[in-house]
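Note on naming: letters A, B, ... go to the chains in the order of the sequence lines (proteins, then strands), and numbering restarts at 1 for each one.
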Amino acid sequence: EDQVTQSPEALRLQEGESSSLNCSYTVSGLRGLFWYRQDPGKGPEFLFTLYSAGEEKEKERLKATLTKKESFLHITAPKPEDSATYLCAVQQSAGNKLTFGGGTRVLVKP
Amino acid sequence: DSGVTQTPKHLITATGQRVTLRCSPRSGDLSVYWYQQSLDQGLQFLIQYYNGEERAKGNILERFSAQQFPDLHSELNLSSLELEDSALYFCASSPSGDFQETQYFGPGTRLLVL
């Protein structure tokens, strides 16, 4: 069965303090790994898709990387508006469903 | 704004009742997905429809059912409601429903069963 584990569960950062979030996965035949941002009470907002080990994608202060067993979301010099829950999801070769991790709650204090 | 709309935003009902949640996908998207998000379970995939037909099933209870109409909007029907059905229900859409496509999520319907 597909498993997606995110760590840490929660992260408190000072503004400007860079950090990384981890998403480790066990899936037979990874077809895509997705990162979403979710604000309280709202739907997940798409950030990145990674398809193969070694791939990297960047958007503003966020950078996602992928290895064969895990993905990292690096937040560089975060601002308070980066506070959110970051969700990782994997899609396996059989079927179209996304399997989500539990998320990492990030709080950036000014 | 993802372009996916969901109604109602909030729903309060009693155990044993039945409710219908509605979703309109982004313009041009043929595939709709339903997810349930509760505090203890996280985001769980329920079911996927593509152009009116069921394409994939996840952890959907037998008390729950869904359909997608010719105009591509979708409805999720929840019946014989129990307390543990209280959760956020999200709809997502994508162009063709193929794997590797990005799914865009709606704002969700918050269901409270008392």
Novice: Give, as side chain, backbone, both or neither, the part of A/Leu87 having an atom under 4.5 angstrom from any heavy atom of chain B.
Specialist: side chain
Novice: Flag the pair A/Lys63 and A/Glu56 as a salt bridge only when some basic side-chain nitrogen lies within less than 4.0 angstrom of an acidic carboxylate oxygen.
Specialist: yes
Novice: Hey, are A/Tyr25 and A/Ser71 close enough side-chain-wise for a donor-acceptor pair under 3.5 Å?
Specialist: no
Novice: Checking side chain to side chain contact (heavy atoms under 4.5 Å, CB included) between B/Asp85 and each of B/Thr15, B/Thr13, B/Leu61, B/Val19, which is the one that passes?
Specialist: B/Leu61
Novice: Measure up the B/Phe105 and B/Tyr35 rings against each other and bin them: parallel (under 30°), tilted (30 to 60°), perpendicular (over 60°).
Specialist: tilted
Novice: Side chain, backbone, both or neither: which part of B/Gln37 has an atom under 4.5 Å from a heavy atom of chain A?
Specialist: side chain
Novice: Tell me, for A/Gln38 versus chain B, whether the close heavy atoms (under 4.5 Å) come from the side chain, the backbone, both or neither.
Specialist: side chain
